[in-house]
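The structure appears right after this line, and notes come after that.
Side chains included, hydrogens not; waters and symmetry mates left out as well; all remaining heavy atoms used. Below, chains carry the letters A, B, ... as their sequence lines are ordered, and counting in each starts from 1. Given the structure is predicted, the values throughout are model-derived calculations rather than measurements.
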Amino acid sequence: MAFIPVYILILGFTIVVDYFAGILLETAEGKKRKYWLIASLIANIGVLAVFKYYNFLNDNLSGLLNSIGYQNHIPHLGILLPIGLSFHTFQAMSYTIEVYRGHQKAERNFGIYSLYVMFYPQLVAGPIERPQNLIHQFYEKHYFEYERVVEGLKLMLWGLFMKLVIADRLAIYVNAVYNNADQHSGKTLALATVFFAFQIYCDFAGYSNIAIGAAKVMGFKLMTNFNRPYFSRSISEFWKRWHISLSTWFKDYLYISLGGNRVSIPRWYINLFLVFTISGLWHGANWTYIIWGAINGFYLVFAIVTEKWRKKFNHLILLDRLPKLHNALQILVTFVLACFAWVFFRANTTVDAFFIAKQIALFSGSLYIGDLQQFTYCILSILFLLFIERNWEHQHQRILPFQSNHWFKNQLAYAMLIFLILAVGVFDGGQFIYFQF
Amino acid sequence: MNNLNISTVRGLKILSFFFIIIFVDQFTGRLLSYLYFNQKAGQDKIINYGFAECKADVLILGSSRAQHHYDTQILSHHLQMSCYNLGINGQSILMPYAQIKIILNRYSPKIILFELDPNRVYFNQSDYDKLSILLPYYNKYPEIRPIIQLKSSYEQVKLLSSIYPFNSSIMNILRFNTNIDINRKWDINGYVPIKNQTLNTSMLKIYKAPDNQTEIDTNMLNSLKDIIHICNRKRVALFFVCSPVFHSNREKKSDYSHSSKRTIELLKQENANFLDFSNDTSFINNAVFFSDKEHLNSKGADRFSNILGEYLKNLSKESYN
């Protein structure tokens, strides 16, 4: 991941290609429309393939050829991955697909189309917007609205809190453990994995809140990207609450295109598995991400296959008569399953990931605490997040924490949030994890 | 008129919000400052003590390797001098540089033992991030401001907040203002032995030599140079010491990393003393002396301090008097 000014030309290339592709798609008829769409998709995926996947594919090809005694002479590319490439490429692709499907008119104003792809709050890490949600907003007049600006700023502040106080704090422990996995016990690796689950959530949801808040301050409405995913009662629900803009992108443009669930049952399972495996690959050119995606795909297929048996089992042990306990167990199991998959997402290599998974399964050794103060901040920050989100979960209309009817209480709450950021936020070395995708 | 009233109320709300923030920041910041400099134990107490009070003949500076490897009692016994360990967890060169700048303005110890991993002069952002440990001293010791400003160009802006210098340390400040001292009660003049821990070699990965391509950090080299010059000016006998490591990447001269070579070249150019124990074969791959790959346990520290103490004792007194 890098920011190199000349790489703006890559963005320029996809903008020009998709701008003209959109117009040509709209004016063409018959098969030509499909050809223009394919040309646009090839251009976008081609950029991703070169900058993100070329070296990965080349390395794997070399490994494969070496194993059968051949040498691969295709050179490695000495290029860096442009920041946020996967995000704006997917946003650009959604434009041409929507124009092709007739849900969006081709944008004639080049400036407006460029702004759609490069709208700065969500340029580098989403939410991945759809043209029909965003483009029309660029034509609307925006006036200063005090309440809206304040809400946007509050959302940005909450995002900063999630990032600086929770995610970056947890990252210290997680990095210390995961980067030296061989020196840590199963218990420590398990705890680091739980911490990572919250770290990645607060890192990415924190960024999304900042992006949505910044857009709101300027009068633009971006889609919600996270909806308290760790309160999900199944993996299927988890994916409806986690990185919503990407999940719906894959659902709308890949899963449904493959036939979705309106196919034979084996094909349906394959569709699910394939979509999640590709979603893993979208995150990064590494087998760890692919396995992470595949695990999630497997979870979904497994849940569908075993749905009847699980219902019978719950009935047999009378769990269905205890809805609160049932809900709590479902949330816990979903969280544990998500955590297991996160091992592969976070591990530096697949060898590390399998080693960590094995150590966690053995659950051996003593727990590494490290610096007591740092460890206490980690625990307290997670508890604080769960406390806020638990209350929030039961009041669906809320989009902000601390909504008191008394303005002074509200002000005090947000002033305390600033105090906590200054007092316990991590100001050094933090980088948003999803910038690299 | 109605609009005017709404605007006035909103203006007052905004003003009151900023007033609350400034009040909380200033009040809490001053309280934390008072509590910080009154800690009864802990690492900050040792830093405070080093900066303001310590008058020991022998000072030990450096990272956690300094803190855990140099037994002050053993060294005092061999050298017949008072000895204090000012090693700080996680620090490399810049923090000891700040310590030398402040302490040598106040008095000149006879000997400084500077724990130095010669490979640590490559650029590592975390070395700069960890300078936040110096933020509470920004106003008190102007001589270290240029070091703190290496952290980032925004430090002066961030320091407008009174809470920021104590960022991430509130819990320890509160803890060490009481008598609840869990970790530091075993320190002996700053030396913290790692007791009852032996390296589990079965979990170690195969050792890889450090990457030779890492970027050399000129700030680190310049700091080392300045440390040598300050000590020469103040007539302090300065010894750079690399204490034992579990795996030695310096077993063969050809294995020296680029950054190690540059450090050793610099020390030679400046005629500085460098005692390299990383090649000591009695420690290499001898897990019984280590708690992890980088740190000696109390048994290893005991042995190393005796070797070092004996070595220094045998040197002519004139060389460091």
Side-chain angles (χ1 to χ4, degrees), chain A residues 144 146-147 149-150 153-154 157 164-165 168-169 172 175-176 180-186 188-189 348-349 351-352 355 359 364-366 368-377 379-380 407-431, chain B residues 6-7 9-14 16-25 27-29 32 42-43 89-90 124-132 135 151-152 154-155 158 161-176 182-183 199-206 292-294:
Chain A
F144 178 84
Y146 175 83
E147 299 298 340
V149 170
V150 169
L153 290 172
K154 284 177 176 175
L157 188 63
L164 296 174
V165 178
D168 287 353
R169 178 65 57 192
I172 297 170
N175 293 343
N180 301 285
D182 58 340
Q183 291 177 44
H184 290 284
S185 68
T188 305
L189 290 162
N348 297 331
T349 62
V351 175
D352 275 10
F355 172 81
Q359 291 297 115
S364 57
S366 56
Y368 164 76
I369 301 285
D371 179 45
L372 184 63
Q373 174 176 243
Q374 148 70 20
F375 189 79
T376 314
Y377 285 141
I379 300 289
L380 290 179
W407 69 271
F408 187 72
K409 278 187 190 169
N410 256 337
Q411 287 206 340
L412 208 58
Y414 282 96
M416 283 300 138
L417 216 53
I418 292 175
F419 164 76
L420 283 173
I421 290 172
L422 282 170
V424 290
V426 177
F427 287 87
D428 304 311
Q431 181 61 275
Chain B
I6 291 170
S7 302
V9 169
R10 282 175 179 170
L12 286 172
K13 278 184 181 178
I14 292 168
S16 80
F17 183 63
F18 282 108
F19 176 77
I20 294 169
I21 291 170
I22 292 166
F23 176 78
V24 170
D25 181 75
F27 176 77
T28 318
L32 286 171
Q43 191 159 271
N89 271 337
N124 186 351
Q125 182 57 42
S126 78
D127 288 336
Y128 292 91
D129 295 343
K130 285 169 184 169
L131 287 176
S132 53
L135 291 173
K151 191 170 174 309
S152 88
Y154 300 110
E155 280 320 291
K158 291 181 194 169
S161 159
S162 296
I163 297 171
Y164 176 67
F166 308 101
N167 169 267
S168 299
S169 51
I170 293 178
M171 212 169 279
N172 272 352
I173 292 174
L174 297 176
R175 176 178 160 212
F176 293 123
I182 301 163
N183 279 340
L199 178 64
N200 182 358
T201 50
S202 65
M203 287 175 75
L204 288 180
K205 277 183 189 168
I206 296 164
D292 58 58
K293 283 193 283 192
E294 294 294 323

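Here the CG-CG distance, from B/Asn172 to A/Leu372, works out to 7.5 Å after rounding to the nearest 0.5 Å. From B/Lys13, atom NZ reaches atom CG of A/Asn410 across 8.5 Å, with rounding to the nearest 0.5 Å.
Contact annotation for A/Ile418: only side-chain heavy atoms (C-beta onward) come within less than 4.5 Å of a heavy atom of chain B. Only the side chain of B/Asp25 comes within less than 4.5 Å of a heavy atom of chain A; its backbone N, CA, C and O stay farther away. Both the backbone and the side chain of B/Phe17 come within less than 4.5 Å of a heavy atom of chain A. Residue contact with chain B, scored on non-hydrogen atoms closer than 4.5 Å, is absent for A/Leu420. B/Ser169 touches chain A through backbone and side chain together, each having a heavy atom under 4.5 Å away. Proximity to chain A is limited to the side chain of B/Lys158, based on heavy atoms less than 4.5 angstrom apart.
Of the candidates A/Arg169, A/Gln373, A/Gln374, B/Ser168 forms a side chain to side chain donor-acceptor pair (under 3.5 Å) with just one, namely A/Arg169.
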Show your reasoning for whether side-chain contact (heavy atoms from CB on, under 4.5 Å) applies to A/Leu380 and B/Met171. CA-CA 12 Å; A/Leu380 290 179; B/Met171 212 169 279; 3.7 Å; yes

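Between B/Val24 and A/Met416 the shortest side-chain heavy-atom distance falls below 4.5 Å. Using a 4.5 Å heavy-atom cutoff, the side chains of B/Ile163 and A/Phe419 are in contact.
In the displayed structure, B/Phe27 atom CZ is contacted under 6.0 Å by at most 12 heavy atoms of other residues, nucleotides or ligands.
Judged purely by distance below 3.5 Å, without hydrogens or angles, the side chains of B/Ser16 and A/Gln411 pair a donor atom with an acceptor atom.
The choice from B/Ile170, B/Leu32, B/Asp292 that makes the most heavy-atom pairs within less than 4.5 Å of chain A is B/Ile170.
For the pair B/Asn167 and A/Gly425, the tightest heavy-atom approach, listed with the atom from each and the gap, is ND2-O, 2.7 Å.
A distance-only check finds no donor-acceptor pair linking the side chain of A/Tyr146 to the backbone of B/Ser7 [under 3.5 Å].
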